[in-house]
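Written below as structure tokens is the structure these notes are about.
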Amino acid sequence: MVTTRSQPPVRGGTAGKRNGADRHAASGNGNGNGNGNGNGNGNGATAAPTLTKEHRDGKATFKNVVTTEFEFLGPYGVIATIVGLPVVTLGLLGFCNERGGCVGVDNIRSLSFPTPMALRWEAAFSWQSLAVVLGWLAFQAILALALPGRVYEGLPLNDSHGTRLKYKMNGLLAFFVSLAAVVGAGHQGVISPTYIYDHFLALLVATTAVAFALSVYLYLSSFRGHRMLAAGGNSGYPIYDFFIGRELNPRLLGGHFDLKTFCELRPGLIGWVLIDLSMAAKELELRGEVSFAMLMVCAFHCIYVLDCFVNEPAILSTMDITTDGFGFMLAYGDLVWVPFTYTVQARYLVDFPQDLSLYAVAAILAVNFVGLFIFRGSNGQKNAFRTDPNGPAVKHLKYIDTTRGTRLITSGWWGMARHINYFGDWIMGLAWCLPCGFDHVVPYFYAIYFAVLLIHRERRDDHGCSIKYGADWKRYCQIVPSRIVPFIY
């Protein structure tokens with residue numbers, strides 16, 4: 001779900017690709033996200049599932065499992081989450097905007113907050129904004145289908161043949177084509193460069209409606225025929241399965257268009273960059289220049305998204321793709337949470353401009369570099385070890401062999417903490433917030449939320465790996481006791 005960006009705790013082994021391509025979201029991506037280690041992916045969403053009757057899918061047979069353990073506090077928890085996510089997304093706008101002000105530390109101390117009623121709620125929905133959102137989704141779908149791209153195979157499915165689904169990867173090309181098309185449309189006067197800022201609320205509401213509609217379709221369509229279901233989304237509780245997602249790999253057009261990977265990477269991620277650019281255009285319109293603070297925020301985000309597309313095939317080994325079903329959790333995270341909450345800093349800088357000294361700019365750049373160094377270095381080391389444990393860059397690493405035939409690294413980056421990449425990821429997220437100064441709390445929502453998300457993700461992964469590796473995981477945790485932050489947590 002929502003798209004985190006981070007990877008899992010385990011690493012080593014012989015198969016599977018993974019780096020920091022996933023970022024998301026309300027689910028964690030929410031789209032946080034990632035598991036993957038050794039030669040496979042492990043996640044403990046469901047423990048000791050009960051096998052149901054065998055189905056036939058073409059020539060391969062598979063067995064769906066019944067979900068016996070719940071996340072998010074079960075059905076009642078997901079009801080609160082389904083309601084809470086749109087409330088939070090709207091609240092970030094309602095409690096921080098140019099009309100009503102923004103929540104600061106003094107507001108929290110005095111329990112006196114800006115009123116969301118300052119927004120123009122009468123403009124919360126428009127058919128034009130809905131048409132823009134649907135047009136954007138259609139445009140991205142056309143690019144995904146029509147542009148050339150290399151075809152990759154996913155990890156083996158849990159069926160009798162170990163089927164590998166095929167995925168065409170052309171996200172980087174789609175990214176540049178999308179930017180060129182939008183910039184060209186703005187230059188020709190087809191659409192205003194500030195359209196997203198000017199219609200932010202209406203676009204947010206329209207995208208939320210689309211995410212709900214898509215989630216309903218995904219849930220209902222999962223009952224058609226014999227579909228391969230996600231281990232975590234087949235509980236029999238409709239609201240829970242609607243949220244988690246029943247079907248593992250919903251596809252259209254005879255299996256040529258994978259809905260989950262499309263939503264994970266295309267509309268929301270590219271939309272994230274376009275929202276940032278619209279905010280920068282609004283700042284230019286209002287003040288005649290784009291500030292250093294805005295430039296840094298836009299650059300950090302754009303570099304991150306570009307990195308995701310450069311390493312696009314890595315998403316195929318993430319938990320979102322291999323384990324989670326496609327339901328409201330991922331649909332809302334991919335389409336709404338990522339583009340509309342990850343851009344809060346850029347929107348804040350339009351309404352509350354910041355003048356940064358060169359020393360402040362240098363310090364923020366240094367923080368981002370440190371995070372990137374940890375994040376990329378740790379992920380690169382893990383991937384290199386997976387590819388060739390005897391390679392010159394990683395042959396010195398210590399590891400333990402597991403009874404599953406995989407290896408868990410116990411030195412280098414991964415000897416510091418079991419999720420050292422999470423730590424680097426969070427430091428980068430903090431750097432995204434720092435250009436906004438320290439007057440208000442809302443622009444730091446991402447850093448706060450992301451810390452909670454990563455801790456939840458780490459606990460989820462730890463539970464899954466303890467089931468997957470048993471005594472080997474306990475031994476590994478004794479050797480590497482730190483979870484995320486070396487010597488602290």
Side-chain angles (χ1 to χ4, degrees), residues 4-20 22 28 32-45 47 314 317-319 322-323 370-429 450-489:
T4 67
R5 318 178 271 174
S6 301
Q7 302 175 313
V10 209
R11 47 264 163 206
T14 57
K17 301 176 184 177
R18 185 73 182 99
N19 76 352
D22 53 322
N33 311 301
N35 68 333
N37 58 67
N39 36 355
N41 301 286
N43 160 274
S317 64
T318 66
M319 182 185 299
T322 65
T323 305
V370 169
L372 181 62
F373 178 73
I374 296 172
F375 182 69
R376 185 53 60 208
S378 58
N379 286 329
Q381 186 178 76
K382 178 171 65 174
N383 290 333
F385 188 79
R386 282 179 177 172
T387 303
D388 181 10
N390 297 315
V394 293
K395 64 181 181 180
H396 66 284
L397 294 176
K398 298 179 181 179
Y399 57 86
I400 61 173
D401 290 304
T402 71
T403 56
R404 293 177 59 91
T406 58
R407 297 169 175 176
L408 304 180
I409 305 173
T410 59
S411 66
W413 284 108
W414 301 98
M416 299 181 186
R418 303 199 292 269
H419 290 77
I420 187 67
N421 53 345
Y422 284 11
F423 184 44
D425 208 358
W426 184 83
I427 292 175
M428 283 194 293
F450 197 43
V452 175
L453 175 68
L454 291 179
I455 291 172
H456 172 266
R457 173 66 64 179
E458 182 276 326
R459 294 287 177 169
R460 186 186 186 193
D461 287 347
D462 184 77
H463 175 67
C465 290
S466 66
I467 294 172
K468 180 177 180 178
Y469 292 99
D472 291 328
W473 186 252
K474 292 182 180 179
R475 181 160 59 103
Y476 169 70
C477 292
Q478 291 174 348
I479 299 173
V480 186
S482 296
R483 295 175 180 267
I484 298 177
V485 184
F487 309 110
I488 297 178
Y489 175 76

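If you're wondering where the values come from, they're calculated on a predicted model, not measured in any experiment.
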Measure across V394 and A384 and return the closest heavy-atom pair with its distance rounded to 0.1 Å.
CG1-CB, 3.8 Å

CZ of F375 to OH of Y422: how many Å apart, nearest 0.5 Å?
10.0 Å

Rounded to the nearest 0.5 Å, the CZ atom of R460 sits from the CG atom of L453 at a distance of 10.0 Å

Output yes when a side-chain donor or acceptor of W414 lies under 3.5 Å from a complementary backbone atom of I420, and no otherwise.
no

Is it the case that the side chain of Q381 and the backbone of G412 share a donor-acceptor pair, with hydrogens and angles ignored and the cut-off at 3.5 Å?
no

Parallel, tilted or perpendicular: which describes the rings of F373 and W413, with under 30° parallel and over 60° perpendicular?
perpendicular

For L454 versus I484, what's the shortest heavy-atom pair and its separation?
O-CD1, 4.0 Å

Could you tell me whether the side chain of S482 and the main chain of F487 form a donor-acceptor pair under 3.5 Å?
yes

When rounded to the nearest 0.5 angstrom, what is the spacing between CZ in R386 and OG1 in T406?
10.5 Å

Nearest 0.5 angstrom please: F450 CZ to D425 CG, how far?
3.5 Å

Sequence neighbours excluded - salt bridge (Lys or Arg N to Asp or Glu O under 4.0 Å) pairs with any residue from residues 475-487:
E458-R483, D472-R475

Measure across V480 and T410 and return the closest heavy-atom pair with its distance rounded to 0.1 Å.
CG2-CA, 4.1 Å

Nearest heavy-atom neighbours spanning D401 and Y399
OD1-CE1, 3.6 Å

For K395, enumerate each residue passing the side-chain contact (heavy atoms from CB on, under 4.5 Å) test, keeping only those at least two apart in sequence or located in another chain.
none

Whether D462 and R418 form a salt bridge (side-chain N of Lys/Arg under 4.0 Å from carboxylate O of Asp/Glu) is what I want to check.
yes

Would you please name every residue forming a ring-ring contact (aromatic ring centres under 6.0 Å, His included) with Y489, sequence neighbours left out?
none

Which distance, rounded to the nearest 0.5 Å, do you find between the OG1 of T402 and the CZ of R407?
10.0 Å

Could you state the interatomic distance from CZ (R459) to CG (D461), rounded to the nearest 0.5 Å?
12.0 Å

Return the minimal non-hydrogen interatomic distance between R457 and M319, and the atom names on each side.
NH1-SD, 2.7 Å

